[in-house]
Amino acid sequence: MCARSEAVELEVLGAEGGEARVPPRPLRLSLLELLGKLVRRDQPAQPHRRTRHNHRFRTFVSCENERRIKANDREYNAQFRYANNYIKTSKYSIITFLPLNLLEQFQRLANFYFLCLLVLQLIPAISSLTPITTAIPLIGVLALTAVKDAYDDFQRHQNDSQVNHRRAKTLRNGKLVEEKWASVQVGDVIRLENDQFVAADILLLSSSEPNGLCYIETAELDGETNLKCRQCLVETAAMGQDDAQLGAFDGVIICETPNNLLNKFEGTLSWRDKHHSLDNDKILLRGCVLRNTTWCYGVVVFAGKDTKLMQNSGKTKFKRTSIDRLLNFLIIGIVFFLLSMCVFCTVACGVWEWLVGRYFQAYLPWDTLVPAEPASGAVVIAFLVLFSYAIVMNTVVPISLYVSVEVIRFAQSFLINWDEKMYYEKTGTAAKARTTTLNEELGQIQYIFSDKTGTLTQNIMTFNKCSIAGVCYGDVIDETTGETIELNEGGAGGGGGAGGAGRGPGGARSAARARLLEAEHEQGRSTPGARRPTNHHDNTEPLDFSFNPEYEPEFKFFDSTLLEAVKRGDQEVHEFFRLLALCHTVMPEEKNGRLEYQAQSPDEAALVSAARNFGFVFRERSPNSITIEVMGNTEEYDLLCILDFNNVRKRMSVILRKDGEIRLYTKGADNVIYDRLKSNQADVKSKTQEHLNKFAGEGLRTLALAWRPLEERGFAEWKRRHQAAALALHDRDEQLDAIYEEIETDLLLMGVTAIEDKLQDGVPETIANLSMAGIKIWVLTGDKQETAINIGYSCQLLTDDMAEVFVIDGVSHDDVERQLAKCRDSIRVVNTFLPHAGPSASKTGGEAANGARPSPGRAANVKLNAPAVSVVTFSNEYMSGGPQSADSHEPTNDDSNGFAIVVNGHSLVHCLHPKLEERFLDVVLQCRSVICCRVTPLQKAMVVELIKKSRKAVTLAIGDGANDVSMIKAAHIGVGISGQEGMQAVLASDYSIAQFRFLQRLLLVHGRWSYYRMCKFLRYFFYKNFAFTVCHFWFAFFCGFSAQTVFDEMFISVYNLFYTSLPVLALGIFDQDVSDATSLQFPKLYAPGHTSQLFNKREFIKSTLHGCFTSLVLFLIPYGTYKDGLAPDGKILSDHMLLGSVVATILIIDNTTQIALDTTYWTVFNHITIWGSLVSYFVLDYFYNYAIGGPYVGSLTVALTQPTFWFTAVLTMIILMVPVVSWRLACSWTRPTLAERLRARQRWRAPAAAPRTPSARRARRSVRSGYAFAHQEGFGRLITSGKIMRRIPHADAALSALASLPGKFHQRPPTPPTSAAAAAEPRAPTQNLDTVDL
């Protein structure tokens, strides 16, 4: 039984008397009726009225777990109230903005507190201050925040409008009508044309391609730029583009309800009394782009918020920083502190009035509201004084705090936007802070969750190297030194390939370079300088392929020996490239007179492109033939069979005939090919294996190539059995695999290829620096397991220094539980016998500082292979307190005992189950790197939420596609990569950057500065406000607790607005403890943000106690000086106004001196604001009292003319400043922070050379998979059947890679012996902060 739909009330006639049985009411209405009955028990319930329905609505019962759609029938579909195609991401409208925004703002405790305070100040009986002192700042804060919120929402309105006003062609009464996207509804038939975005999730009906095929690009959804294939039903494809037939199409679609599963769709189409099964291959999702297809038609299944794109967008959350949350807590504490002072003053006032005040009524008469009876009169006066003191001392929580915080964040956002070092010239894209409320949170990131495709990688595969018949090609050797030249993009370009230059070789390193590195470490350098061997490799130019008319200008290759072998007709080299040109499922297309390829994976495109540039041009294919051009000569082959790729076979083969000779060409994973080689090839197998290990050690994706000749009779027999297996009704795939196994044996090894999955520039060093900063990086990708692992090694997330890399790929709950238990046991064993080296690390660092060479083995390996980030040593000259440093309590980030874990998507489902959640966390939290592969967008968000919930850690998510949106919204901070994969991630993000490498500058520089500035600002702000406000409390003891203020009302009103606001704003915007270069060179500077060391409850209490002490000194010394004081001319100085002016003046001088001590980076703005504020105090005081006629006229003038004032001011400042300066000097001498040590280093020594950029290519253990195929079975059957071909011979269609389960991960072979040169790769060891030698 299924629940009835709320949209349709099914009328069912009863058997007795024809009465209508009323269907169940919706739950919401039932609850409302129940509530009404409870309120009005005496009123009988009204009987339900019988409602007549259109007979068309009585034909079925709509279930909650399915959706029913009738094509071209809006009236029928309207009954279900399906979502329309209108998109709304904005929060406000013109009408709702003011009430909703004010409601949101008054949810902030401080705003509500000041609103209550303003109401109290409107009562004359209890207020000793004018309401303007609170009203103006409160209105200013609300207005400023409202303007910012309105601007942000206006941007969202613009984005929504841009999308909703896109045009779509819709069929109306058999005619095409152009409408807005927002007007499209479920059930409409729409027409799409080439290069157009898909307006909604549609069921494909027909297309311009043969057999109803069409091609889409899903970059907006998953970041992948390779094309994917979709195919409509044969029955609907016959309608073509006949608008009359399509307009009359009345099929009924019954399908699943809206969900966020991008790779799944289930439904049926009922049309012309037949039922047809529907799956994901027949659906085009919103956000895709139609490619290489002239036109197509489809019926809308999901629209607007129901589309899978929007379902994956996640819910927009209001994000607040940890400092915001701490401030809310502190404000509650401050309010209680204020109330305690008020209660104390209230009690004291009552006692004073009862004991003393009642006898002074002749001089201080009680108000008419106060009873004459002494006891009750004292109680009433004390009660009124409670509110008076709440108003007088309200500045202890100044509303200007929030104004200043918003201004500082706003200015810091502009500094991020204006940073030229985060500007990407290639695309003209600058970094952008899309929110102004999260800047300081960038300085506290503990976990980064990153996408892979398009974020860490460029999604560009480049042909880098190869091995042919035991000869390695691709390395460029320096003739002078004999070293392998490391090519880079900045100089000569990379190893080359389709779509751009790849990075060059990074094989053996020289021992001399390793010795140079050690020497630099012994000198205490932070990071080895960027010294290069004195060779001429910068002048290395890529090879000239212009002899080939079909060459691609963007293809780059540098090893001339391979090109020379091709030109001289080397048979083995020719056969190698001939195989690359023939063994694939790529489709060629003539576009603007230029030959272009469409491949189901970028790997295949890179291989075919490489063959093309070397003169082996793949021209065209038909169902039965392949045509190539070899060095200008056309060769045509009969295509007899394609043995397609899948994740189990991990290889593909083609069987071709030419000139009566039949050959089988195969390419696949090297371990799979090696198992099927003929036994008499020991020499070439051994040499090729060495090259495979070398390529894999450089992070390249390897692929083995082989072939074998076939006899005509044997092939004919095999082909007969192959056709029988292809027609089998049961176990077809298993039978085909067995048939394939028979013929793919006794292969002859031809060689291997090495393709680079091109990383974005600077990814390895960025990850190394962020890891050194104590940030854990998790990669969450939809890519297959082997690819993710290879990228992990390429970008140094996975290294050979790790104790173990775990793989969790169990399918069942029990399998995953068993694997997690095994991982936990392994971690326990390693930690027991190879514990994290705290003392040992210090010892190693000490040995390096003293010039001793590190001992061989593990420690040496770490020393030479750690990320290229600083090794810093400080001598005890600057550390009088001994070896302990400010950061010594933190665990050493030791590479040697680190763990990493790779989790598969289907295993992650079980890991996130409540039963295994704790065990999963127990393992992953002990791992230095975590890679989750084949995960869905929802799983990405769930992983982020898990860490947020369990660790209470600050998280950052970074991605570039729509599949990353939910993860970006779930994290505390979302960063979007504004690349070629669309803008969905950017629109959902808080910050956008053009390249992943800019993330380290965003965090280590801007994030750290923002956090440092905000913390220093808050410490000073609370200090100055307590120093100012608590003076009233001390004065209460001398004024009978009457709520009399020390200062002038005008001074109280403008103290935070004019006198002290600008200096602290300049501090919060411009101050920096170290330069940006130093912040990047020493990532450990970022560590204090992880534990909120710079501002927390302890720091707050220290600031408030310091402020209270200052207020006590500020009041008592002038009070003692001026009490009963006389001027030399005999005039009395002990009046209230003079005392208030003196205390106010010394307070301003103290604030100025304090902020001057706090400022470590002086700019012209700091000088102007700090000294200008001091001058403005005197200017405004004279202007107010003399020009406007204030009550304190002449008080300050009299004070300044007396030597008593200057003596009092100097004495007070000495008492206030000497303890502060002494404490800071003692701390910097005995427990210096890293920043203080670095400033001392820069003061006493020349700055260190710029950090060396680590090579992206690292020698590592052989972990090969990287076979150049898509994730599941290719389109060999479509090619051989002719379904994928046009009716004319040449084809222009692209093939797609459909999602599937990943392949199995194979245990890595043992580490091959590394040469001294390879072991000496220049990577700096871990920073040891306790041995930094100045």
Side-chain angles (χ1 to χ4, degrees), residues 71 168-171 176 184 188-222 224-243 245-246 249 251 253 262-263 265 267 269 276-302 307-309 585-591 596-601 1270 1272 1274-1275 1277-1279 1281-1288 1290-1299:
K169 293 182 178 179
T170 310
L171 277 175
L176 279 176
V184 174
D188 289 352
V189 175
I190 62 176
R191 175 188 171 103
L192 298 174
E193 295 180 349
N194 195 33
D195 296 332
Q196 274 190 349
F197 277 96
V198 181
D201 293 355
I202 65 174
L203 169 66
L204 186 62
L205 295 179
S206 65
S207 78
S208 59
E209 302 304 297
N211 299 291
L213 295 170
C214 80
Y215 304 95
I216 56 173
E217 181 182 282
T218 60
E220 284 278 354
L221 294 175
D222 53 20
E224 296 182 6
T225 53
N226 53 296
L227 301 188
K228 295 180 173 59
C229 182
R230 297 291 183 264
Q231 186 174 20
C232 64
L233 293 168
V234 176
E235 290 77 6
T236 60
M239 292 187 289
Q241 55 179 335
D242 188 336
D243 292 343
Q245 288 190 53
L246 289 162
F249 176 70
I253 302 167
L262 295 174
N263 299 319
F265 181 84
L269 170 65
H276 307 278
S277 176
L278 304 178
D279 55 25
N280 200 54
D281 289 341
K282 300 172 180 60
I283 300 295
L284 307 187
L285 301 181
R286 180 187 178 120
C288 299
V289 181
L290 193 67
R291 299 291 192 199
N292 294 354
T293 306
T294 308
W295 53 263
C296 74
Y297 286 83
V299 58
V300 176
V301 178
F302 301 123
T307 59
K308 291 183 182 287
L309 174 66
T585 56
V586 174
M587 301 298 297
E589 178 186 20
E590 289 284 343
K591 201 169 185 179
E596 293 188 359
Y597 296 139
Q598 298 293 347
Q600 70 185 60
S601 75
Q1272 74 168 35
F1275 285 85
R1277 296 181 187 176
L1278 286 174
I1279 291 175
S1281 66
K1283 288 184 178 182
I1284 204 166
M1285 304 299 165
R1286 289 186 179 274
R1287 291 175 177 83
I1288 53 179
H1290 68 276
D1292 72 337
L1295 301 176
S1296 75
L1298 302 178

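Quick caveat, the model's predicted, so the values are computed rather than measured.
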Can any side-chain N or O of [X] pair as donor or acceptor with the backbone N or O of [Y] at less than 3.5 Å?
X    : Y    : value
D188 : I190 : no
S207 : C296 : no
T307 : A200 : no
D243 : L176 : no
R191 : Y297 : no

Non-hydrogen atoms of [X] and [Y] that approach each other most closely:
X    : Y    : value
L269 : F249 : CD1-CZ, 4.0 Å
G212 : L204 : O-CD2, 3.8 Å
R291 : D195 : NH1-OD1, 2.7 Å
S206 : G240 : OG-O, 2.6 Å
S208 : T294 : OG-N, 3.0 Å

Checking L233 against L278 for the side chain to side chain contact (heavy atoms under 4.5 Å, CB included) test, could you report, in this order, the C-alpha distance in whole Å, the side-chain angles of both residues, the deciding distance, and whether it holds? CA-CA 9 Å; L233 293 168; L278 304 178; 4.0 Å; yes
Side-chain touch [X]/[Y], heavy atoms, less than 4.5 angstrom:
X    : Y    : value
V301 : I202 : no
R230 : N280 : yes
T236 : L203 : no
V289 : Q196 : no
F265 : D201 : no

Using the test salt bridge (Lys or Arg N to Asp or Glu O under 4.0 Å), find all partners of E596 that sit at least two apart in sequence or belong to another chain.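 If we apply the salt bridge (Lys or Arg N to Asp or Glu O under 4.0 Å) test to E596, skipping adjacent residues, there are no hits.
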Partners meeting side-chain hydrogen bond (donor to acceptor under 3.5 Å, both in side chains) with D242 (sequence neighbours left out):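 Scan of D242 (side-chain hydrogen bond (donor to acceptor under 3.5 Å, both in side chains), adjacent residues dropped) gives Q245.
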Could you please spell out the steps behind the side chain to side chain contact (heavy atoms under 4.5 Å, CB included) verdict for L205 and C232? CA-CA 6 Å; L205 295 179; C232 64; 5.8 Å; no
List the steps and the verdict of side chain to side chain contact (heavy atoms under 4.5 Å, CB included) for V198 and L192. CA-CA 7 Å; V198 181; L192 298 174; 3.8 Å; yes
